[in-house]
Amino acid sequence: MTSNSKFRPETIAAQTTRPLDPSTGAVVPPIYLSSTYARDENYQPLLKENYVRNGSPNLWQAEETIAALEKGEAALLFSSGMAGITTLFETIPQGAHVVALSVMYYNTREWLQRLEAKGRITLSLIDPNEAGALEAALKPNTDLVWIETPVNPTWDVLDIAAFAKAAHKVGAILAVDATATAAVTTQPLELGADIVFHSATKYLNGHSDILAGVLITRHVDERWKEINWLRTKSNSPLSPFECWLLQRGMRTLFVRFRQASGNALAIARHFSNHPKIERVLYPGLATHQGHAVAKKQMLDGYGGMMSMLIKADFAGAQKFCTALKVFAAATSLGGVESLAEHRKTVEGPTSTLPDNLVRLSIGIENVNDLITDIEQALGQV
Ligand SMILES: *Cc1c(COP(=O)(O)O)cnc(C)c1O
């Protein structure tokens, strides 16, 4: 565990560079681009690994920071979020059962459906808002319960502690895609989850300039060792330069996330009774599905992610996105800049989302500029 872990989260994030480089005192760490590391006179590696596919100093620094923020025993960074997710899925025993959500990040859902179609796993996709759905889906051979909270892109909030309790009863592990809570406002491991996942492409990095994923574990066990083995063999650890960029991004994680949360709450409130909007989906609104859980589980803001159901058809919702001037009509989330996306266009033919859903990733800009921009774009629909 990192020497930083005795400090509070804001300090851990801001000082991702501790301990300082002992040979130079550089406050910002050097980037170790070397792909290979020499052995000493006893033919022992000088570092704990000697080849960049197995690890690098920049990788370990970033992993220690993230493990400390999530209060896990270890973290593993991957070359993308999907690389992390699919590596975890690779550890599911042949023929075992998996429970996930009928609405969630669509690439994850499609990957699980592919494994099911190949006979690798059996799969139950549940509606978490249906009472008793999880308990009814769990089986004696359930290996993994995979959830996301808040759920992308409805932003429903799921009770992690309740999911963990139910999963553990049948001997399954609970893994939580916590991309939207950014290691700032929710601590899934403390609530009983076994593995936490982030697309570090999003809030952790925060500047929309790398692709990265991370898994964090409560305990280093056999399954975790297999994940580590798979990462090495499949050549998917994050490269040193991207680790360095990620670390730089994380230094401002808390101020970025809090500013985005504050902006999002103001925007959600402003537009919740707007004549051109059917509904605003945001966990911070008292009317939102899961607000009660959000209040006890999202302790440092409701995040920067929301969706709006525009009073428009498919084409009108697309028009809204392109009419925005401050928001960019682009996919992804969690960056300092605001983005708007017509989700059904991106998800393609398997999407079950309404035609009029626009997902907004609220950035750290001046909130009045964002509100004015949404107002003028709605005026054009
Ligand atoms: C982006 C995203 C992913 C996938 O991560 P990549 O870094 O794009 O591979 C997974 N889950 C959620 C919730 C995401 O937003």
Side-chain angles (χ1 to χ4, degrees), residues 81-82 85-86 89 97-117 121-138 142 144-160 162-163 166-167 174-181 186 188 193 196-199 202 264 268 278-285 287-294 297-298 302-310 314 317 331-334 339-361:
M82 288 311 296
I85 291 171
T86 56
F89 290 171
H97 178 241
V98 174
V99 179
L101 308 175
S102 53
V103 174
M104 63 173 180
Y105 181 67
Y106 78 114
N107 282 318
T108 311
R109 175 174 48 78
E110 286 188 351
W111 195 276
L112 288 171
Q113 288 169 323
R114 172 181 168 276
L115 293 179
E116 182 190 31
I121 62 168
T122 59
L123 178 65
S124 302
L125 295 179
I126 62 164
D127 174 357
N129 296 319
E130 208 176 278
L134 174 65
E135 287 72 10
L138 288 167
T142 305
L144 169 69
V145 177
W146 175 277
I147 63 167
E148 190 174 288
T149 182
V151 177
N152 186 359
T154 60
W155 315 111
D156 289 348
V157 183
L158 308 192
D159 187 334
I160 295 172
F163 269 82
L174 176 69
V176 178
D177 181 339
T179 300
T181 51
T186 300
V196 180
F197 163 80
H198 290 271
S199 167
K202 316 292 169 53
E278 196 179 293
R279 244 175 93 203
V280 176
L281 306 176
Y282 184 66
L285 292 177
T287 51
H288 188 64
Q289 177 82 41
H291 178 66
V293 180
Q297 189 174 282
M298 301 180 80
Y302 298 104
M305 294 308 300
M306 71 175 67
S307 295
M308 290 182 175
L309 301 174
I310 312 280
F314 190 93
T331 193
S332 201
L333 61 96
L339 302 176
E341 170 171 75
H342 184 240
R343 202 60 195 158
K344 199 158 189 172
T345 308
V346 172
E347 293 196 4
T350 67
S351 179
T352 55
L353 297 176
D355 286 355
N356 63 342
L357 185 144
V358 173
R359 188 182 82 176
L360 300 177
S361 173

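On a predicted model such as this, the values are computed, not experimentally measured, just so you know. We use all heavy atoms of the structure for the numbers below, so side chains are in, but hydrogens, waters and symmetry mates are not.
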Looking at every heavy atom in both G303 and A264, which two are closest together, and how far apart are they? O-CB, 3.3 Å
Which heavy atom in P153 sits nearest to a heavy atom in R343, and how many Å separate them? CG-CG, 4.0 Å
Considering all heavy atoms of both residues, which atom of E148 and which atom of L101 are nearest to each other, and what is their separation? N-CD1, 3.7 Å
Any heavy-atom pair between the side chains of R359 and T331 that's under 4.5 Å? yes
Closest heavy-atom contact between V151 and M104? CG1-CA, 4.1 Å
Between I121 and L144, is there a side-chain heavy-atom distance shorter than 4.5 Å? no
Can you measure from OG1 (T181) to CD1 (I160) and round to the nearest 0.5 angstrom? 6.5 Å
Are the side chains of Y302 and W155 in touch, meaning some heavy atoms are under 4.5 Å apart? no
So, taking the atom named CG in L333 and the one named OG1 in T179, what distance separates them when rounded to the nearest 0.5 Å? 7.5 Å
Does the side chain of T186 pick up a donor-acceptor pair with the side chain of Q297 at under 3.5 Å? no
Pair V103-D156, side-chain contact (heavy atoms from CB on, under 4.5 Å): steps then yes or no: CA-CA 10 Å; V103 174; D156 289 348; over 6 Å; no
With rounding to the nearest 0.5 angstrom, report the CG to CG distance, L309 to N356. 5.0 Å
Relative to each other, are the rings of H342 and F314 parallel, tilted or perpendicular (30° and 60° limits)? perpendicular
Any chance you could measure H97, atom NE2, to T122, atom OG1, to the nearest 0.5 Å? 4.5 Å
If every non-hydrogen atom of L353 is compared with every non-hydrogen atom of E347, which pair is closest and at what distance? CD1-OE2, 3.4 Å
Side chains of L281 and L357, heavy atoms from C-beta outward: is any pair under 4.5 Å? yes
Under a 4.5 Å cut-off applied to non-hydrogen side-chain atoms, are I85 and W111 in contact? no
Distance-only polar pair, side chains of T154 and Q289, donor-acceptor under 3.5 Å: no
Side-chain contact, heavy-atom cut-off 4.5 Å: T350 with R109? yes
Should P150 and M305 count as side-chain neighbours, where that means a heavy-atom distance under 4.5 Å? no
When you measure from the side chain of S351 to the backbone N and O of K344, does any donor-acceptor pair fall under 3.5 Å? no
Rounded to the nearest 0.5 angstrom, the CG-OH distance for D177 and Y105 is 9.0 Å
On a heavy-atom basis, the closest approach of P283 and H291 is O-ND1, 2.7 Å
Distance from L125 atom CG to L112 atom CG, nearest 0.5 Å? 7.0 Å
Is Y106 close to V346 at the side-chain level, that is, under 4.5 Å between some pair of heavy atoms? yes
I would like to know whether V99 and L138 meet side-chain contact (heavy atoms from CB on, under 4.5 Å); could you show each step before the answer? CA-CA 7 Å; V99 179; L138 288 167; 4.2 Å; yes
